[in-house]
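Just follow the structure's listing: the first ligand is 1, and inside any ligand the first atom is 1. Predicted, not measured: the structure shown is a model, and the values here were computed from it.
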Amino acid sequence: MKALATYALFWIILFNNHICLKSEEHNFRIKLDEFSVKYKLRDLIDNIDFRIVHLNNRSYVNGEMMLKSDVKDILMHTAMDFWKSSNKKKLKLYDGRLDACQFLRTAHRNGMFNIYVKSFRKHTNANLACPLKMNYSYTLRNWHMDEKDLPPFVPFGTFRTITEYFTQERLALRIVTQGKVIANK
Ligand SMILES: *[C@@H]1O[C@H](CO)[C@@H](O)[C@H](O)[C@H]1NC(C)=O
Ligand SMILES: *[C@@H]1O[C@H](CO)[C@@H](O)[C@H](O)[C@H]1NC(C)=O
């Protein structure tokens, strides 16, 4: 369920210089429209499935994944685009690679990253650390972005993320998410 780290990265990159203003009323909410697996390596991934549930104006992600063998190394490539509603201009927010195993090991040293890693940990049954285990049902229950964890001023618009996971230098998984930042009237 590390796939979700991508989604978190979006917020981290977009609001890099974010200042925490407590008790500020948020005028936006985040609606996830898509969270889909576009490619999976069949000899590694036994099954993977994500569903979005909309409830009380919030998008929740549920899913599960099972691997056919242990995974010791994960390289993550993630790209994120944002289209501001005001001018429709496409902003390339992020396009980079990182070692996902190391990311999970060191997230606790970075306050910002830790918020999100903690949020995934709260909604998964698994110990999110490498190696990932074979035959283990990694599940995610009702994961969501809490607007309270985000800065109060977020531009309205549409976003898309594409995340690819490589192991042993092979593409293992490609996940695409799309969503919107909309007014919370
Ligand atoms: C959901 O949003 C609508 C209007 O956008 C609002 O009237 C309603 O109270 C909201 N529901 C919750 C549970 O926040
Ligand atoms: C994993 O599951 C497969 C298929 O059910 C089985 O053949 C294999 O022995 C299992 N391996 C482990 C380590 O549990």
Side-chain angles (χ1 to χ4, degrees), residues 1-13 30-56 58-81 93-146 149 159-179:
M1 302 300 106
K2 282 179 199 157
L4 293 169
T6 305
Y7 191 53
L9 266 178
F10 166 71
W11 300 106
I12 295 158
I13 303 308
I30 297 144
K31 185 165 180 290
L32 257 192
D33 297 314
E34 182 183 357
F35 195 111
S36 57
V37 175
K38 298 292 190 191
Y39 174 83
K40 63 173 184 187
L41 186 62
R42 287 180 190 277
D43 50 325
L44 176 65
I45 297 170
D46 194 33
N47 79 66
I48 184 163
D49 179 37
F50 287 109
R51 280 142 289 144
I52 297 173
V53 180
H54 299 287
L55 193 66
N56 296 335
R58 186 168 273 164
S59 304
Y60 295 89
V61 179
N62 288 291
E64 57 196 352
M65 177 179 75
M66 200 185 281
L67 299 169
K68 291 182 183 172
S69 56
D70 288 354
V71 171
K72 295 186 183 71
D73 71 289
I74 306 165
L75 178 80
M76 182 169 128
H77 170 221
T78 183
M80 199 161 304
D81 295 320
L93 289 181
Y94 185 73
D95 189 344
R97 286 165 193 274
L98 63 87
D99 175 337
C101 292
Q102 191 189 353
F103 172 77
L104 287 169
R105 274 197 308 271
T106 58
H108 64 278
R109 291 189 210 142
N110 181 316
M112 279 300 295
F113 281 92
N114 200 25
I115 289 172
Y116 298 103
V117 173
K118 259 159 109 180
S119 128
F120 302 128
R121 292 203 159 120
K122 216 158 54 183
H123 294 273
T124 178
N125 62 334
N127 173 27
L128 288 185
C130 296
L132 297 184
K133 293 176 284 180
M134 73 187 292
N135 289 6
Y136 182 81
S137 178
Y138 285 90
T139 63
L140 188 72
R141 290 283 167 258
N142 296 334
W143 182 81
H144 58 276
M145 288 300 307
D146 193 337
D149 290 339
F159 59 85
R160 184 187 61 197
T161 72
I162 299 173
T163 307
E164 294 174 326
Y165 295 89
F166 297 83
T167 184
Q168 309 276 295
E169 289 168 7
R170 286 206 300 171
L171 177 63
L173 190 62
R174 179 183 294 119
I175 291 181
V176 171
T177 73
Q178 294 199 72

task: Scan the protein's non-hydrogen atoms and note whether one is under 4.0 Å from atom 2 (O) of ligand 2.
output: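 Given the 4.0 Å cut-off, atom 2 (O) of ligand 2 counts as touching protein heavy atoms.
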message: Among all the protein's heavy atoms, is there at least one whose distance to atom 7 (O) of ligand 2 comes out below 4.0 Å?
response: no
query: For atom 11 (N) of ligand 2, what is the nearest protein heavy atom, given as residue, atom name and distance?
result: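 Here the closest protein heavy atom is Asn135 ND2, 2.9 Å.
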- prompt: So which heavy atom in the protein is nearest atom 13 (C) of ligand 2, and how far is it from that ligand atom?
  reply: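 Residue, atom and distance for the closest contact: Met134 SD, 3.8 Å.
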task: Answer yes or no: is there an ion pair linking Asp43 with Arg170, defined by an N-O contact shorter than 4.0 Å?
output: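 Yes, charged N to carboxylate O under 4.0 Å.
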task: Before accepting this row, confirm whether a basic side-chain N of the pair Asp70/Lys72 lies closer than 4.0 Å to the acidic partner's carboxylate O.
output: no
- prompt: How about Ile74 and Phe166: do any of their side-chain heavy atoms sit closer than 4.5 Å?
  reply: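 Side chain of Ile74 against side chain of Phe166, heavy atoms only: no contact under 4.5 Å found.
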- prompt: Less than 4.5 Å apart, any side-chain heavy atom of Glu64 and any of Asn47?
  reply: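 They are in side-chain contact.
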